[in-house]
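This report refers to the structure that appears directly beneath it.
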Amino acid sequence: MALPIVKGSRYKTVIPSTGTEIEYRPYNVGEEKLLMVALESKDQKMIIRTLKDVIESCVFEKIDMDKFTVFDFEKLFLALRAKSVGEVVDLELKCQDTECNSVSPVSVNLEEINLTDLPESNTVIIDSDIGVTLRYPGITDVEKYDEEHLQSSEGAFDLIIDCLDTIFDEEGVYDCKEEPRESVIAFVENLSSAQFKKVASYFENIPTLTHDIEYKCIKCGKENKIELKGLQSFFT
């Protein structure tokens, strides 16, 4: 006789970049084991691949993860983790007093974590007659690189090149996907420092998970206030 199968709950959430509502289930013990093995590997590419596989298994609608922005990916996994393991995550945060540096336990409700607002425009005017349009970094963009490379200035430059959508001037619009990558790199390298900062500022305002936390140091009693940003901040 076959063993019984436990029926799981179903929940709904919204994909931030599109506003599309999807339905999902919590991940099971087997899927959680896969996540733990991936996290223990500390291999960013393996972690992302495993997260994608688990998310696709848990979402009832057909989704194309390759079209997800990084913040879509983070928000969906946060919702999935909250319903699978629990809404509250326990962190250990350092005291901001440099003479103390003691660690205090702090509990965070994952359902209170929000994304920052989307930028009003994806167009950057470089000078009077030249500009660019950009897209949000996708999870596939990040998946191409290891974590060390992405944290370097070279990695940040590569990601900007990846996310340039079009370049335009008075004569027309040029699709960066149709242009040789070397030509796009040359265009960016020819910008002045001030012009490049305009482009880079777009990436500084990309939506990210954020939550303000106030806590009292258990050792010195100092009242601390910090802002946690990005998915990794809530699981370290």
Side-chain angles (χ1 to χ4, degrees), residues 15-18 38-39 41-53 55-56 63-78 113-127 130-169 173-210 227-236:
I15 304 301
S17 67
T18 63
L39 291 170
S41 75
K42 301 189 183 300
D43 182 333
Q44 177 166 289
K45 293 182 180 180
M46 180 180 177
I47 292 171
I48 292 176
R49 285 195 300 269
T50 304
L51 286 171
K52 287 171 66 175
D53 289 343
I55 289 173
E56 287 179 333
I63 57 173
D64 186 352
M65 292 291 297
D66 290 340
K67 293 183 179 179
F68 272 37
T69 66
V70 172
F71 58 88
D72 286 334
F73 183 79
E74 292 185 340
K75 188 69 169 66
L76 182 50
F77 179 71
L78 189 73
I113 298 169
N114 297 307
L115 280 173
T116 53
D117 295 334
L118 276 67
E120 294 182 1
S121 173
N122 69 332
T123 300
V124 177
I125 304 301
I126 293 174
D127 63 22
I130 298 178
V132 300
T133 61
L134 301 112
R135 61 175 177 80
Y136 300 122
I139 194 61
T140 53
D141 296 316
V142 176
E143 191 177 8
K144 291 189 299 185
Y145 308 109
D146 58 43
E147 186 174 8
E148 184 178 353
H149 181 73
L150 278 178
Q151 291 179 348
S152 68
S153 56
E154 182 182 359
F157 184 86
D158 284 339
L159 196 59
I160 289 174
I161 298 298
D162 290 341
C163 295
L164 274 174
D165 199 9
T166 67
I167 299 169
F168 60 88
D169 60 14
V173 179
Y174 312 92
D175 188 338
C176 293
K177 295 189 296 294
E178 303 298 326
E179 300 292 332
R181 186 176 178 85
E182 294 76 13
S183 298
V184 180
I185 291 173
F187 170 83
V188 175
E189 288 182 339
N190 193 50
L191 298 176
S192 68
S193 178
Q195 290 169 337
F196 181 75
K197 284 181 180 178
K198 289 183 180 180
V199 177
S201 66
Y202 172 82
F203 295 88
E204 295 172 1
N205 296 315
I206 287 174
T208 187
L209 298 171
T210 182
E227 179 187 45
L228 297 181
K229 296 185 70 173
L231 183 65
Q232 188 176 359
S233 300
F234 299 97
F235 299 102
T236 56

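Inter-residue side-chain proximity for D165 and K177 is flagged as met; some heavy-atom pair is nearer than 4.5 Å. A 4.5 Å side-chain heavy-atom check between E179 and L164 finds every atom pair outside the cut-off. V142 has its side chain within reach of I48: a pair of non-hydrogen atoms, C-beta onward, lies under 4.5 Å apart.
Listed here is the closest heavy atom pair of F73 and K52: CE1-CG, 3.7 Å. Nearest heavy atoms, S121 versus Y202: O-CE1, 3.8 Å. Scanning all heavy atoms of the two residues, the minimum distance from P207 to F71 falls at O-CB, 3.5 Å. Closest non-hydrogen pair, L209 versus E74, comes out as CD1-CB, 3.9 Å. Taking all atoms of both residues into account, the shortest heavy-atom contact from H149 to D158 is NE2-OD2, 2.8 Å. Nearest heavy-atom pair, K198 versus I126, reported as atom, atom and distance to 0.1 Å: NZ-O, 3.4 Å.
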>> Pair V199, V188 - check side chain to side chain contact (heavy atoms under 4.5 Å, CB included), show working.
In response: CA-CA 9 Å; V199 177; V188 175; over 6 Å; no

>> Under the criterion side chain to side chain contact (heavy atoms under 4.5 Å, CB included), I'd like the reasoning laid out for Y136 against V70: C-alpha separation, chi angles, the key distance, then a yes or no.
In response: CA-CA 8 Å; Y136 300 122; V70 172; over 6 Å; no

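The closest donor-acceptor contact from the side chain of D72 to the backbone of S17 lies under 3.5 Å. For T133 (side chain) and N122 (main-chain N/O), no donor-acceptor pair under 3.5 Å exists by modelled atom type. The backbone N or O of F187 lies less than 3.5 Å from no partner atom in the side chain of N190, so there is not a single donor-acceptor pair.
In this structure, the separation between CG on L39 and CD on Q44 is 11.5 Å, given to the nearest 0.5 Å. Rounded to the nearest 0.5 Å, atoms CZ (R135) and CG (D141) are 4.0 Å apart. Put simply, OG1 on T116 and CG on L118 are 8.0 Å apart, with the number rounded to the nearest 0.5 Å. Distance OH/Y174 to OG1/T166: 11.0 Å, rounded to 0.5 Å. With rounding to the nearest 0.5 Å, the separation of CG in D169 from CG in D127 is 9.5 Å. Here I15 contributes atom CD1 and F68 contributes atom CZ; the two are 4.0 Å apart, rounded to the nearest 0.5 Å.
Looking at T69, I206, L150 one by one, the single match for side-chain contact (heavy atoms from CB on, under 4.5 Å) with P137 turns out to be I206.
With salt bridges taken as basic N to acidic carboxylate O contacts below 4.0 Å, one links D162 and K144.
More than 12 non-hydrogen atoms from other residues, nucleotides or ligands lie less than 6.0 angstrom from CD of E227. Taking a 6.0 Å sphere around CG of D175, one finds it holds more than 12 heavy atoms contributed by other residues, nucleotides or ligands.
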